[in-house]
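Worksheet: the structure to be examined is printed underneath.
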Amino acid sequence: MTPMPALITVFIFIYGIVIGSFLNVCIYRIPSKEDIVRESSHCMSCGHRLKWYDLVPLFSYLFLKGKCRYCGSKLSKQYPIVEALNGILYVVVFYATDFSWDSILYCLMTSALIVLSVIDYRTYEIPFGINVFLFVLGVIRCVFGKGDRGTLMIGFFAVSLFLLLLSLLTRGAAIGGGDIKLMAAAGLLLGWKLIILAFVIGCIVGSVVHLFRMKVCGAGRMLALGPYLSVGIFIAALWGNGMIDWYLGLFM
């Protein structure tokens, strides 16, 4: 890696962890219907209002050794994990998409998927606002992107319509409404081929991981599908076309 790409990588990572800090705010406040913009950041234990130097992504957590400066209570490891994950994935997105227009859209998509994954894992609910945000990204790509708009619009229905019918037939027992909306919004962003691939990947990952959690961790049968669908969406967005070409090449 030459010095310039290394410098760009560091810049993207720093930008990613800064956005990751805001994602933590969303993860904690959205489920409790708190304001994510105007309310000041505070300690979840003592309620003390945090200063700017308490909120430096990653570094504040490491400097404070994972404890609140004011009451000494342990801080959740979620803070540095989400920040670092968002920074790392931003770098992955930019390099996988060759610093294109899609890089920005997919970075925003990645942040939204992180938020909904953590919230869905904890509450078994996908916030409607996150799905709206992903839908807006899809609309932006339809209007300003260079891809086939027909493919993107079909993607809105390709998986979501199937899931909707499944939900109606099982009276909501098989799939949640948030998952249906997620696949509709992501389908508009990715197109029908990639969203179908994303769904297949998500189901496979979900089956393997949740069976492992049931055997090893004693998890129940009920699972939050959002995190696994998010993994599928992320993989399909960055490498899906190559995976599809490889698969079709096996039959040629």
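Bear in mind that the values here come from a model prediction, so they are computed numbers and not experimental data.
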task: Verify the distance criterion only: is there a donor paired with an acceptor across the side chains of Arg141 and Tyr106 at less than 3.5 Å?
output: yes
message: I need the full list of ring-ring contact (aromatic ring centres under 6.0 Å, His included) pairs touching residues 228-252, with sequence neighbours left out, sorted by first then second residue.
response: Tyr247-Phe251
Tell me which donor-acceptor pairs under 3.5 Å the side chains of residues 189-210 have, and how far apart each pair is, sequence neighbours excluded?
unit_1: Ser207; atom_1: OG; unit_2: Cys203; atom_2: O; d: 2.8
unit_1: His210; atom_1: ND1; unit_2: Arg213; atom_2: NH1; d: 3.4
unit_1: His210; atom_1: NE2; unit_2: Gly220; atom_2: O; d: 2.7
unit_1: His210; atom_1: NE2; unit_2: Arg221; atom_2: O; d: 3.4

task: Look only at the side chain of Ser103 and the backbone of Ser100, and say whether a donor-acceptor pair between them is shorter than 3.5 Å.
output: yes
- prompt: Side chains of Glu125 and Thr123: do they bring a donor and an acceptor to under 3.5 Å?
  reply: no
message: For the CZ atom on Phe99, are there more than 12 heavy atoms of other groups (residues, nucleotides or ligands in this structure) within a distance under 6.0 Å?
response: yes
- prompt: Only one of Asp120, Val159, Ile233 clears side chain to side chain contact (heavy atoms under 4.5 Å, CB included) with Leu182; which?
  reply: Ile233
query: Taking it one step at a time, do Thr9 and Tyr95 satisfy side chain to side chain donor-acceptor pair (under 3.5 Å)?
result: CA-CA 9 Å; Thr9 299; Tyr95 277 87; 2.6 Å; yes
Sequence neighbours excluded - ring-ring contact (aromatic ring centres under 6.0 Å, His included) pairs with any residue from residues 9-39: Tyr28-Tyr79
query: Are Ser111 and Asn86 close enough that a side-chain donor and a side-chain acceptor fall under 3.5 Å?
result: yes
query: Hey, does the side chain of Arg149 reach the backbone of Val143 with a donor-acceptor pair shorter than 3.5 angstrom?
result: yes
- request: For Phe133 and Met109, run side-chain contact (heavy atoms from CB on, under 4.5 Å): C-alpha distance rounded to whole Å, both residues' side-chain angles, the deciding distance at 0.1 Å, then the answer.
  value: CA-CA 8 Å; Phe133 179 77; Met109 176 198 75; over 6 Å; no
task: Check step by step if side-chain contact (heavy atoms from CB on, under 4.5 Å) holds for Glu83 and Gln78.
output: CA-CA 8 Å; Glu83 291 166 356; Gln78 174 193 298; over 6 Å; no
